[in-house]
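Here's the structure, in structure tokens; my notes come after.
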Amino acid sequence: MKLLVIGSGGREHAIAKKLLADPIVETVYCAKGNPGMVSDGIQVVAIPETDHQSLIAFAKEMAIDWTFVGPEVPLLNGIVDDFQAAGLNIFGPNKAAAMIEGSKEFAKELMAKYQIPTAEYQSFVDSEKAKAYIQEKGAPIVIKADGLAAGKGVVVAATVDQALAAVEEMLEEQKFGQSGAKVVIEDFLEGEEFSLLAFVHEEQVYPMVIAQDHKRAFDGDEGPNTGGMGAYSPVPQIPQSMIDQAIETVLIPAATGMIDQGTPFTGILYAGLIATVEGPKVIEFNARFGDPETQVVLSRLTSGLAQIIDALLNGRQPEITWNQQFSVGVVVAAEGYPETYQQGMIIPQKAAEDVQLFYAGVAERAGELVAAGGRVFLAEGQGASLEEAQKKVYQALAKMPLNKMFYRKDIGAKALK
Ligand code: AMP
Ligand code: GLY
């Protein structure tokens, strides 16, 4: 098979590499990819993810069997609708179904309608009304930009003043533009966070192993929210009963609810959950694989990724198996991220033998890979225990010259407390 992956980050590097490792696959193209993918045999194609017509033309010319979409932006731009209209096979939600991620209010309404557990909330476009609600509710409280904001449109406010300031930034100063023209204000949920992803084809739901992301920039969950600074899988402090409950009360009702309301979902459904004393509750849905969760989750997949997707696209039952290892993935970011960051630093092209590198914000200059984005790459390693996996990754990172870059030293530490 010849496949096309849309996207250019570490997540797409992991997806493309895993697809290519499947014996039924001959070639994997990635548009627009990044130069760090090339040494893994992935064919990088210089078409941006926003240029649907050129991507369609490429898929036709190369006789691509099917296309896999990594990021949320093309999904919300209707890339699945456009490919299907052109008679091409593509795996991902159409524009209407991608709204489960594209609008927090859409997701909240779905959850209310199908009794999916989540935090109590209200949405606002009016700053005065939002502020009055905050005064009435008190802190801690969570303020979220309604639309996409690259993981940065959420403020977990410890005090009423912080919450009011967040509302002013979003509704009055338009810090997130149109994405923040409406805000969702919700109750703070107490508990451990985990990410539960599933392969979904309408009513068929096949859950993956869980992972835990580290959204804050610095050790000890300090600093601003980011796209994600590292992840590990499994998450031993989350009991299997909590996962089973999340499948029953969140994933399955979400998939069947989407069918019921006329927006059936096919693709990767991602539930961001908090394990509260009352059971799992949703903090967000995404319509795609998570980054960096994918790099640790797919690294544990022992069956063929292409065979899974191909089975789902053709109405067959997929075979999905995982190893029993622990996987730890540590993001190396450019100094300054998630604000203005350094660029152009030379970055390593090799790690210890059993540590994988997944590249994200990189460019090529005179045969070298150089930093060209906030999250530059992720190092992933596995072990029979979490400690062993951590040791492997951190020892590999310690040997790398990482000029003007930083990484968290505590990925996975919460599981060992
Ligand atoms: P999100 O972009 O919705 O995943 O939110 C970013 C981060 O804010 C999450 O990973 C959580 O750590 C935190 N968060 C979001 N919603 C809540 C909530 N209702 N209660 C507590 N923490 C939350
Ligand atoms: N790691 C969180 C996300 O991909 O949204």
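One-based numbering, in listed order, for ligands and for the atoms of each. What you see below is based on every heavy atom in this structure, not just the backbone, and it leaves out hydrogens, waters and symmetry mates. Position 1 is the first residue of the sequence, and the numbers go up from there. Keep in mind the model is a prediction, meaning the values are calculated, not measured.
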Exercise for the section: With K409 as the cation and Y407 as the aromatic partner, state whether NZ or CZ is under 6.0 Å from the six-membered ring centre and within 45° of the axis. Expected result: yes
So, [X] and [Y], do they make that salt bridge, N to O below 4.0 Å?
X	Y	result
K182	E105	yes
E186	K104	no
E72	R288	yes

Practice task
Could you tell me whether L189 approaches ligand 1 through its side chain, its backbone, both or neither, with non-hydrogen atoms closer than 4.0 Å?
Solution key: both
Fill in the blank from the handout: At under 4.0 Å between heavy atoms, what of K104 touches ligand 1? The answer is side chain
Going by the order shown, which atoms of ligand 1 are within less than 4.0 Å of some heavy atom of [X]?
X	value
K215	4 (O), 6 (C), 10 (O)
V156	8 (O), 13 (C), 14 (N)
E186	16 (N), 17 (C), 18 (C), 19 (N)

Practice task
Answer yes if the ring centres of F285 and Y270 are under 6.0 angstrom apart, and no otherwise.
Solution key: no
Handout entry: Sub-6.0 Å ring centroid separation between F406 and Y337
Key = no
Handout entry: Residue from K414, H214, R216 passing side chain to side chain donor-acceptor pair (under 3.5 Å) with D221
Key = K414
Handout entry: Heavy atoms from other residues, nucleotides or ligands near NZ of K137 exceed 12 (cutoff 6.0 Å)
Key = yes
Exercise for the section: Determine, considering heavy atoms only, which of K144, K281, E284, E190 sits nearest to atom 15 (C) of ligand 1. Expected result: K144
Exercise for the section: Could you tell me if any non-hydrogen atom of D213 lies under 4.0 Å from any atom of ligand 1? Expected result: no
Exercise for the section: List in chain and number order the residues that pass side-chain hydrogen bond (donor to acceptor under 3.5 Å, both in side chains) with D260, two or more places apart in sequence or in another chain; answer none if no residue qualifies. Expected result: Y114
Handout entry: Residues in the immediate environment of ligand 2 (any heavy atom closer than 4.0 angstrom)
Key = D213, K215, G227, Y270, N286, R288, G290, D291, P292, E293
